[in-house]
2 protein chains.
Amino acid sequence: MEPRGQRSGRTGRPPRLSQEAILVAAQRILDTEGPERLSMRRLAREMSSTAMALYHHVQDKDELLLLLLDAHARRYPRPVLPSDPHTRLLASAQVLHDLLADCPWIAEVLSFDDFVSESALWIVENIVDAAVECGMALEDAVYAYRVIWHYTAGVLAIRAGRERVQARAERPEHREHALEFLDSVDFPRLNAVGRRWAGLTARDDHRKGLEAVVAGLLEQKAGSGAGETAAVAGAGAEAVRGCPCC
Amino acid sequence: MEPRGQRSGRTGRPPRLSQEAILVAAQRILDTEGPERLSMRRLAREMSSTAMALYHHVQDKDELLLLLLDAHARRYPRPVLPSDPHTRLLASAQVLHDLLADCPWIAEVLSFDDFVSESALWIVENIVDAAVECGMALEDAVYAYRVIWHYTAGVLAIRAGRERVQARAERPEHREHALEFLDSVDFPRLNAVGRRWAGLTARDDHRKGLEAVVAGLLEQKAGSGAGETAAVAGAGAEAVRGCPCC
DNA sequence: ACCTGAACACCGTTCAAGT
DNA sequence: ACCTGAACACCGTTCAAGT
């Protein structure tokens, strides 16, 4: 909890490094050279120190990444969220995405925990709360949060994966080949899609899907009377539930 | 496309290694020692060869992982899918998940492409086709696939992340601490959830969320008349769309 | 208490040489 | 054509020693 840098006893040599300074230097490497270049050794070099000195201020690399995430979340401006529950559910889920979208190294740290980071817990609280105010039971609201989190994590992980590949090899022919390949394959729907697939790889993928996910979650809560969900556990033979309000 | 192992010219030394054999050995390491132990050097040792010999049969480690995924998809039994479009949409999305759930190393290879792997394209085709038969425009159907894929990827990535942490450190106190922490924090909803959070981390997370996602996607298509989605691009101030059929 | 240097046990990949 | 050995440029982390 309390950074080891600031002690009160003032014995021994004064520290040259501090967790604060380490996080700043790490963030600088992240920004200028990308997440794949951030290593304990590289970071130590950045600070004109040795890799081992870092271990006096962070437990290991994983903790470093977690601290980095937490610091980012702490810096992130807390927006005023709408009061209408449905809109707030959407808006807070969007904030979750936007906050994490700035952390391309997030994929390396995905789900040490289900709640992203202590400094981002207010977002989780908002999502769960909004879901409850939308009429969901607390358990369902928590589940809704997790579905939203999974969707968001998927968007982020795939985006990070793509950026990783693009960063390492500057070859757009890769993508070219992939699209020509879609034409050559023997699946009518995919052939029809063909090159149009490329246009769909926009950076703001996330939003429309999020709306659908939220809408589906809200619809589901309306149709959950008895233990229906238990009945639809099989892979391919469950009934189609109609719209619950007609 | 064609494996380099089988040539026709029969010149030079007969090959000791083959792509086939490499994939088998790699899969063995994956199964017995886990994905974090699969390295080119470890694999070479498994085959009583050198790391460099492998590079005559695969381009690099990424290609190896992709080939592994493809081989798995090829082996995977092709289930009979229901004919009802909604049910088929759900069932084929479930197959996508189930197929990939067996590949814990999938997170390392996430989204080299948007379509998972050539041998799994029939699943993508089925999802898109079912979505179209549900009444969606082709573009929307492709987008629906991508939302489903993102959700699925998130579930898998987070599951992989958790397994990675658990494998490396056999300390359940980590999770214990995380849950006590939920009690101590100052967010009413999260306090109320408290320890019940743990019960939600089941392996079959995926299903109920998938149903919600699919329901939401189908609902969205019903409500997409003009360019409504463009209007709701802002972060927190869009209108709540009512149920489209009432 | 804080930091260093050397070492351990690894990585993926390139390159020149062998058969 | 297929494979080897040595080398390059890295990793995260431990441990004993220094100030």
Side-chain angles (χ1 to χ4, degrees), chain A residues 2-22 25-26 29-30 33-68 105 108-109 112 164-165 167-169, chain B residues 2-22 25-26 29-30 33-68 105 108-109 112 164-165 167-169:
Chain A
E2 59 206 349
R4 283 191 238 182
Q6 52 191 71
R7 323 119 294 133
S8 42
R10 64 178 70 252
T11 38
R13 197 201 300 199
R16 301 204 307 108
L17 269 39
S18 72
Q19 210 179 70
E20 252 297 296
I22 288 172
I29 294 174
L30 246 19
E33 294 174 57
E36 70 283 345
R37 309 293 298 219
L38 178 63
S39 71
M40 298 303 270
R41 293 172 126 108
R42 173 72 190 81
L43 180 52
R45 190 150 38 94
E46 183 80 5
M47 309 196 77
S48 308
S49 181
T50 65
M52 299 317 104
L54 301 174
Y55 285 87
H56 275 266
H57 302 90
V58 297
Q59 249 201 333
D60 52 24
K61 199 189 174 183
D62 283 338
E63 203 202 36
L64 175 68
L65 293 177
L66 248 13
L67 288 169
L68 240 17
W105 43 273
E108 267 139 76
V109 89
F112 280 160
R164 188 170 61 88
V165 172
R168 212 179 31 194
Chain B
E2 58 205 350
R4 285 192 238 182
Q6 54 192 67
R7 322 118 296 133
S8 43
R10 63 178 70 254
T11 37
R13 198 201 298 198
R16 302 205 307 109
L17 269 38
S18 73
Q19 210 178 71
E20 253 296 298
I22 288 172
I29 295 174
L30 246 19
E33 294 174 56
E36 69 282 345
R37 308 294 299 219
L38 179 62
S39 70
M40 298 304 268
R41 293 171 125 107
R42 173 73 191 82
L43 180 53
R45 190 150 38 94
E46 183 80 7
M47 308 196 77
S48 308
S49 182
T50 65
M52 298 319 105
L54 300 174
Y55 286 86
H56 276 266
H57 301 91
V58 297
Q59 249 201 334
D60 51 25
K61 198 188 174 185
D62 284 337
E63 201 201 39
L64 175 68
L65 293 177
L66 248 12
L67 288 168
L68 240 17
W105 43 273
E108 266 139 79
V109 87
F112 280 159
R164 186 170 63 89
V165 172
R168 213 178 31 193

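Chain A is the first sequence line, chain B the second, and so forth, proteins listed ahead of strands; every chain is numbered from 1. Quick note: numbers below take in every heavy atom, side chains included, and nothing from hydrogens, waters or symmetry partners.
When all heavy atoms of B:Arg16 and B:Ser48 are compared, the closest pair comes out as NH2-O, 3.4 Å.
Residues B:Leu64 and B:Leu43 have side chains in contact (heavy-atom distance under 4.5 Å, counting atoms from C-beta outward). Counting heavy atoms from C-beta on, the side chains of B:Val58 and B:Met40 come closer than 4.5 Å. Using a 4.5 Å cut-off on side-chain heavy atoms (C-beta onward), B:Leu67 and B:Ile22 make no contact. When side chains are defined from C-beta on, B:Trp105 does not count as touching B:Leu38, because their heavy atoms never get closer than 4.5 Å.
Closest contact between the side chain of A:Thr50 and the listed nucleotides C:dG5, D:dG12, C:dC11 involves C:dG5. Listed candidates were D:dT13, C:dC3, C:dG12. Nearest to the side chain of A:Ala51 is D:dT13. Nearest nucleotide to the side chain of A:Arg42, out of D:dC11, C:dC11, D:dG12: D:dC11.
The distance from the CG atom of A:Leu30 to the CG atom of A:Leu68 is 5.5 Å, given to the nearest 0.5 Å.
When heavy atoms are screened at a 4.0 angstrom cut-off, A:Met52 is found touching base atoms of the nucleic acid.
Annotated stems with DNA chain D as a participant read C:4-8 with D:12-16, C:12-16 with D:4-8, given as range with range, by first number; only runs of 3 or more Watson-Crick or G-U pairs under 3.5 Å qualify.
Following rounding to the nearest Å, A:Arg45 (CZ) and C:dG5 (P) show an atom-to-atom distance of 15 Å. Following rounding to the nearest Å, A:His56 (NE2) and D:dA17 (C1') show an atom-to-atom distance of 12 Å. Here C:dA1 presents its P atom at 19 Å from CG of A:Leu54, a figure rounded to the nearest Å. What separates CG of B:Leu64 from P of C:dT13 is a distance of 10 Å, to the nearest Å.
An OP1 or OP2 oxygen of D:dT4 is reached within less than 4.0 angstrom by a side-chain nitrogen or oxygen of B:Arg16. For B:Ser49 and D:dC3, the shortest distance from a side-chain N or O to OP1 or OP2 is not below 4.0 Å. The phosphate of C:dC3 has OP1 or OP2 within less than 4.0 Å of a side-chain N or O from A:His57.
Not counting sequence neighbours, the partners of A:Arg42 by the side chain to side chain donor-acceptor pair (under 3.5 Å) test are A:Glu33, A:Glu46.
Taking atom C1' in both D:dC2 and C:dA17, the straight-line distance is 13 Å, to the nearest Å.
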